[in-house]
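Comments concern the structure below.
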Number of protein chains: 2
Amino acid sequence: MRSEPKQKRGKQRVEIILNSASELFAEVGYDNATIIEIAARAGTSVGSIYQFFSNKEGILRALVEKYVEDVSRVYTDIDAEAFPSMTVEEIMQAVLLPLKEFIRENRDFQAIFSNSTGSNLVEELMAPINGMWAQRTNEIFINAYPQISPKELKKYNLICMTVVKSLLGLAHHSDDISLDEVFEEMQHVLVRYMTPVFEEMGE
Amino acid sequence: MRSEPKQKRGKQRVEIILNSASELFAEVGYDNATIIEIAARAGTSVGSIYQFFSNKEGILRALVEKYVEDVSRVYTDIDAEAFPSMTVEEIMQAVLLPLKEFIRENRDFQAIFSNSTGSNLVEELMAPINGMWAQRTNEIFINAYPQISPKELKKYNLICMTVVKSLLGLAHHSDDISLDEVFEEMQHVLVRYMTPVFEEMGE
DNA sequence: TATGAATATGAATTCATATTCATATTTTAC
DNA sequence: GTAAAATATGAATATGAATTCATATTCATA
């Protein structure tokens, strides 16, 4: 940010700008969003945006900062130790439920990243978050199924994460299916995919 | 296209331009590709590109036209009538195998669309292709499992298509997993996901 | 209520990229 | 061999979006 708002008016303006930007980024993606449109939606002028943010990138960075704390909590709250005794259903449930809560409360966040593939900046800002997530779910898999080789588990983790991300995107884009339905099917896909893997190796 | 090439020289130039553009679009996405870079890669000048193509969009349209015939053949070759007697494995195999062949021979095509999410033009050009695909696989499902309601089948089709598309993208982006491996896992994901659905309803 | 700091404004500027155009070269057809 | 058509070139221009900046207004504080 170029300068922190000092007055109540400024703080409000920054809030409004962030909300408008979040909304617009979610609708059209980061690259397709223009500063003029953000200003228009925020009921302000481009100058006021640059009063507080050094550039368009700064707006996105501020948004990511706002969200990133919540994002990491989604995964760190989970106790990996508990997993060896759980069934595949329970493991997936334990991973997907907090994610669902987060998505429900941060629809824009999900939409921004689902609509901004191809933006180098967005990819860059998401990389650490994705990395954190991948590492966390990988730990969970390793804890739950120590008898399977880490290399195999990494592959399954990759597949599962890809499926999850794409179905989250589907929930956002399609009017034919609700978020709840998507999560229900997501759970089915993952459980049914992983069950034979774990059973076979677990015997 | 602005004008068809008349001479051998022109036809060659158009070919080279299309190949260079296809490559670049695949690498960085349609929006991030510049005409200057396409010209540089094609060893020609921007003027020569505009000799044959009316604009950047025209290059993409020409590429899509080149591919679209092959794409549709992937699906129309499949005989939907044969499906009622097939197992889930066989159905998925029958759908995925031709797709795999197509992808193998048209890596760029897949990459362009996997790297150009967020481009309005690319979405627009892909819409009919995706629609055709969705309709075709939906028909296959309906033929194979007439006892399941079309509405349900549509939902499963949506989920399956989303999974397939995302895993194709994974194959392109990740160095950790090969195209063959991706297709193997894709087959597992789909078969395991759909088997309980079909068994339950089929009894 | 006066003064400086904070905030607001949008026209002007910058900048990157698409597109055009005047001009040059090569090929074709007679 | 030569004129017309086709193709080639890249500097000039057009375009649109990000960013700046001179100027105006509002707020906090004495």
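Letters A, B, ... are given to chains in the order of the sequence lines, protein chains preceding strands, and every chain is numbered from 1.
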Inset, instruction - Applying side chain to side chain donor-acceptor pair (under 3.5 Å), name anything that partners A/R13, two or more places apart in sequence or on another chain. - result: none
Inset, instruction - Under the side chain to side chain donor-acceptor pair (under 3.5 Å) rule, collect the residues that match up with A/D180, sequence neighbours excluded. - result: A/K100, A/R104
Inset, instruction - Could you list by number each residue of residues 10-18 of chain A showing a heavy-atom separation from DNA chain C of less than 4.0 Å, or answer none if no residue does? - result: A/G10, A/R13
Inset, instruction - Measure from NZ on B/K8 to P on C/dT27 and round the result to the nearest Å. - result: 10 Å
Inset, instruction - Kindly write out the residues that satisfy ring pair (Phe, Tyr, Trp, His ring centres under 6.0 Å) with B/F25, not counting sequence neighbours, or none if the list is empty. - result: B/Y30
Inset, instruction - Heavy atoms only: give me the nearest B/I91-B/A144 pair and the separation to one decimal. - result: CD1-CB, 3.5 Å
Inset, instruction - Flag the pair A/F141 / A/Y145 as yes when their ring centroid distance falls below 6.0 Å, and as no otherwise. - result: no
Legend entry - side chain to side chain donor-acceptor pair (under 3.5 Å) partners of A/R192, counting only residues at least two apart: none
Legend entry - Length of the CZ-P vector between B/F52 and D/dT9, whole Å: 11 Å
Inset, instruction - Would you kindly give the CD-to-C1' distance between B/Q51 and D/dT7, to the nearest whole Å? - result: 5 Å
Inset, instruction - Name all residues meeting the salt bridge (charged side-chain N to carboxylate O under 4.0 Å, His left out) criterion together with B/E90; count only those two or more places apart in sequence or in a different chain, and write none if there are none. - result: none
Legend entry - Nucleotide D/dA17, atom P - distance to CG of A/L24 in whole Å: 12 Å
Legend entry - Secondary structure of DNA chain D in dot-bracket form (Watson-Crick or G-U wobble, distances below 3.5 Å, | marking inter-strand pairs): ||||||||||||||||||||||||||||||
Inset, instruction - Can you tell me the distance, in whole Å, between the CD1 atom of A/I49 and the P atom of D/dA17? - result: 15 Å
Inset, instruction - Provide, to the nearest angstrom, the distance between the CZ atom belonging to A/F53 and the C1' atom belonging to C/dA8. - result: 15 Å
Inset, instruction - Determine which pairs satisfy salt bridge (charged side-chain N to carboxylate O under 4.0 Å, His left out) with at least one residue from residues 1-10 of chain B, sequence neighbours left out, and list them in order. - result: none
Inset, instruction - Would you mind classifying the nucleic acid contact of A/T44 as base, sugar-phosphate or nothing, using non-hydrogen atoms under 4.0 angstrom? - result: sugar-phosphate
All N/O donor-acceptor pairs, side-chain side in residues 118-125 of chain A, below 3.5 Å, sequence neighbours left out:
from   : atom 1 : to     : atom 2 : distance (Å)
A/S119 : OG     : A/V122 : N      : 3.2

Legend entry - Those residues that, when tested against A/Q93, pass side-chain contact (heavy atoms from CB on, under 4.5 Å) (two or more places apart): A/L97, A/Q187
Legend entry - Sugar-phosphate or base contact per nucleotide [nucleotides 18-25 of chain C; S, B, -; heavy atom under 4.0 Å]: SBB-----
Legend entry - Residue B/S48, side-chain heavy atoms: nucleotide from D/dA28, C/dA8, D/dA8 that is nearest: D/dA8
Legend entry - Partner residues of B/E37 under the side chain to side chain donor-acceptor pair (under 3.5 Å) criterion, sequence neighbours left out: B/R41
